[in-house]
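Since the structure is predicted, the reported quantities are computational estimates derived from the model, not experimental observations.
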Amino acid sequence: MQWLRSGDELPRRAKFWVRVRSVGAAPFATNSLHGHFEANDGRVYDNTAYFCNTGDLPDKSLRKGQYAEGCISYDLPDEGGRLVFSPEPDLPGFSIKIPAAKP
């Protein structure tokens, strides 16, 4: 896992509008910082989330049937891979395939 230091930036920033719905019996917390980028070469970039400034995915606990929606934003490397978002480390989440940056 490659951790970025404070002030480090990757070449491109991507923003996504997501809607997260709880389907399990146990409540879980949503937070835009619960994500990382897995590059096609196997490297994992963590700590790349940024606030969207407007409409951020709220940090809240959801019970079954409840949902939260908002913006998540990440700095990404030029290579392709997938952005993995999981509301809780041991719970399944979703991923978004990200193509490599165009030269």
d(Ser22 OG, Gln66 CD) to nearest 0.5 Å is 7.5 Å
Practice problem: Verify side-chain contact (heavy atoms from CB on, under 4.5 Å) between Ile96 and Phe16, making sure each step is shown before the conclusion. | Solution: CA-CA 9 Å; Ile96 302 167; Phe16 304 91; 3.7 Å; yes
Residue pairs meeting salt bridge (Lys or Arg N to Asp or Glu O under 4.0 Å), one or both in residues 17-33, sequence neighbours left out, come to none
Sequence neighbours excluded, the answer for salt bridge (Lys or Arg N to Asp or Glu O under 4.0 Å) partners of Arg82 is Glu38
Separation between CH2 (Trp17) and OG (Ser73), nearest 0.5 Å, reads 12.5 Å
Leu62 and Val20 have their tightest heavy-atom pair at CD1-O, 3.8 Å
Correct closest heavy-atom pair for Asn40 and Gly81 would be OD1-CA, 3.3 Å
Taking Asp41 for the side chain and Arg43 for the main chain, is one N or O donor matched with an acceptor at less than 3.5 Å?
-> yes
Shortest non-hydrogen pair, Ala39 vs Tyr45, comes out as CB-CE1, 4.2 Å
Closest non-hydrogen atoms of Ile98 and Leu83, given as atom of the first, atom of the second and distance, are CG1-N, 4.1 Å
Glu69 meets the salt bridge (Lys or Arg N to Asp or Glu O under 4.0 Å) criterion, sequence neighbours left out, with none
